[in-house]
Number of protein chains: 2
Amino acid sequence: MACSSTTVKVPVPTLERLANYLRFLHNLEQDRVETISSAEVERQTGINAAQFRKDLSYFGEFGKPGVGYNVSELNQRIARILQIDQEQRVIIVGAGNLGSALVGYPGLKEHKFNVVAVFDNNYAKIGRYLWNLEIYDISRLQEINAELRARIGIVAVPAPVAQSVADQLLAANICAILNFAPTVLRVPDGTVIRNVSFMQELAVLSYHLSADHLEDVGVSVDGISE
Amino acid sequence: MACSSTTVKVPVPTLERLANYLRFLHNLEQDRVETISSAEVERQTGINAAQFRKDLSYFGEFGKPGVGYNVSELNQRIARILQIDQEQRVIIVGAGNLGSALVGYPGLKEHKFNVVAVFDNNYAKIGRYLWNLEIYDISRLQEINAELRARIGIVAVPAPVAQSVADQLLAANICAILNFAPTVLRVPDGTVIRNVSFMQELAVLSYHLSADHLEDVGVSVDGISE
DNA sequence: TAGATTGTTAATCGATTAACAATC
DNA sequence: TAGATTGTTAATCGATTAACAATC
């Protein structure tokens with residue numbers, strides 16, 4: 001099998017928060033804050049202090065009792081845990097609007113995610129450039145990634161072709177996929193997938209606009225407001 | 001207060017799955033499948049059958065014991081629960097690459113999310129068109145939404161201005177925000193926020209590529225492989 | 001030392017899943 | 001009726017949070 005499996009022990013929500021901590025710590029560093037306690041993290045971000053400490057505890061000891069955490073040290077160690085202290089090469093499949101927006105997204109480079117190639121199956125696009133990257137024929141994915149050795153692939157294609165694209169990514173030795181297509185990708189164990197679904201997000205928002213399940217939490221005239 | 005509070009009873013993960021069920025049911029409908037059982041849903045999507053039934057149970061009764069669920073009826077009822085059976089007007093703030101990709105995203109219209117206005121603070125962009133929508137001055141947000149009455153706002157601006165944009169959205173009577181900026185928005189109770197963070201997703205993928213916590217799950221030579 | 005704050009254990013909370021009586 | 005499958009209750013699982021001994 002191309003991708004090894006993980007012995008899951010760190011909860012996924014913890015990993016998600018780690019990325020947030022990094023953002024927060026980065027801001028603190030810019031403000032020249034040298035030390036921070038978990039209580040102060042809670043005050044400033046709303047994240048429970050115990051959770052902050054627990055999240056970190058999966059990876060070792062980071063603070064000094066009675067003192068707190070050294071901001072820049074913590075920053076570096078979390079970046080290291082998430083492997084974003086070193087360049088991560090990324091491939092994007094789909095040179096449409098979304099693919100284009102992603103390639104042009106400045107945040108990627110800032111966090112050492114380096115988009116090294118873009119692929120598409122549209123002959124009108126192949127050979128043209130997206131920003132400074134040539135758009136390659138998707139059929140050359142395996143060949144080209146044998147060189148580039150990217151390990152993360154982004155699927156930014158329409159749903160009907162997403163599964164086929166995922167299969168090709170796996171064949172090209174990609175073990176981690178960020179999927180923007182509105183479809184469930186079937187992949188072998190050991191492949192990590194994260195899905196981003198705009199429609200799902202909007203649907204959740206939309207639900208909360210419904211009047212049915214809304215109630216004023218304030219004064220209830222003569223009934224019991226639960 | 002502009003936005004009323006919710007009496008939370010439906011778990012958020014349930015709402016998220018509801019959007020997925022919709023996608024799945026849509027596919028079934030296209031394949032002319034009329035009835036489906038929760039066991040078959042599990043077989044085809046991997047979602048636990050009991051969970052499927054439990055998710056639905058928050059909203060009433062949808063199936064017939066011994067028979068299953070009527071695909072198109074279930075489809076309609078879930079769409080109704082999520083309020084995406086009717087037009088939802090959406091405002092986008094930020095006419096950059098991401099805003100542009102979102103306005104041009106065909107899935108939005110398909111699901112009755114109608115982008116009715118785009119705003120930006122860049123004078124070079126104001127007055128120009130993004131697809132078929134004029135880009136308005138962000139300072140006119142309140143005035144213009146008094147007309148348009150959109151209730152969902154999408155924040156597609158850089159992090160440093162995201163909070164200010166969110167505040168302006170709230171002032172313009174928007175109670176639900178989809179935030180693409182890599183920052184935590186502080187909003188009053190009753191406002192619903194969903195965050196989409198590409199960096200967070202990539203960081204979680206990146207973590208899983210690390211060798212430290214990876215192990216082969218295959219044959220273990222003489223130890224116990226758990 | 002006294003005060004502060006950590007890392008971790010134990011308690012709580014909530015979500016997932018198994019089991020089953022009700023019912024088509 | 002017998003078989004199938006629902007909706008729901010109870011059991012399990014896992015994540016969040018409170019509490020506290022250890023320690024700077």
Subject >> Watson-Crick or G-U counterpart of C:dG7, or none if no pair lies under 3.5 Å >> reply: D:dC20

Original post:
Do side-chain atoms of A:Lys112 reach the backbone of A:Asp85 as a donor and acceptor pair under 3.5 angstrom?
Top reply: yes

**OP:** With DNA chain D as reference, determine whether B:Gly66 or A:Arg17 sits nearer its 5' end, using the nearest nucleotide of each.
**Re:** B:Gly66

**OP:** Return yes if some donor-acceptor pair links the side-chain N/O of B:Ser206 with the main-chain N/O of A:Leu82 below 3.5 Å, else return no.
**Re:** yes

**OP:** Verify, without hydrogens or angle tests, whether A:Glu42 (side chain) and A:Ser38 (backbone) share a donor-acceptor contact under 3.5 angstrom.
**Re:** no

Subject >> Any-strand Watson-Crick or G-U partner of D:dG14, both distances under 3.5 Å >> reply: C:dC13

Original post:
Using a heavy-atom distance cut-off of less than 4.0 Å, which residues of residues 20-45 of chain A contact DNA chain C?
Top reply: A:Ser37, A:Ser38

Original post:
Stepwise, does the side chain to side chain contact (heavy atoms under 4.5 Å, CB included) test hold for B:Leu25 with B:Tyr69?
Top reply: CA-CA 10 Å; B:Leu25 291 166; B:Tyr69 301 85; over 6 Å; no

**OP:** For the residue pair B:Asn75 and B:Glu29, establish whether any side-chain heavy-atom pair is separated by less than 4.5 Å.
**Re:** yes

Subject >> B:Arg17 charged N/C atom sitting above B:Phe52 aromatic ring, 6.0 Å / 45° >> reply: no

Subject >> Interface with DNA chain C, restricted to residues 51-61 of chain A and to heavy atoms under 4.0 Å >> reply: A:Arg53, A:Lys54, A:Ser57, A:Glu61

**OP:** Compute the ring centroids of B:Phe198 and A:Phe180, then answer whether they are less than 6.0 Å apart.
**Re:** yes

Original post:
Is the backbone N or O of B:Val71 less than 3.5 Å from a side-chain atom of B:Glu34, with the two atoms forming a donor-acceptor pair by type?
Top reply: no

**OP:** Dump the intermediate steps for salt bridge (Lys or Arg N to Asp or Glu O under 4.0 Å) on B:Glu61 and B:Arg53, then the final yes or no.
**Re:** CA-CA 9 Å; B:Glu61 306 199 348; B:Arg53 297 198 301 275; over 6 Å; no

Original post:
Should the heavy atoms of other residues, nucleotides or ligands under 6.0 Å from CD of B:Glu87 be counted, would the total exceed 12?
Top reply: yes

Original post:
From the 5' end of DNA chain D to its 3' end, which nucleotides mark the outer limits of contact with chain B, defined by a 4.0 Å heavy-atom distance cut-off (strictly under)?
Top reply: D:dA4 to D:dT9

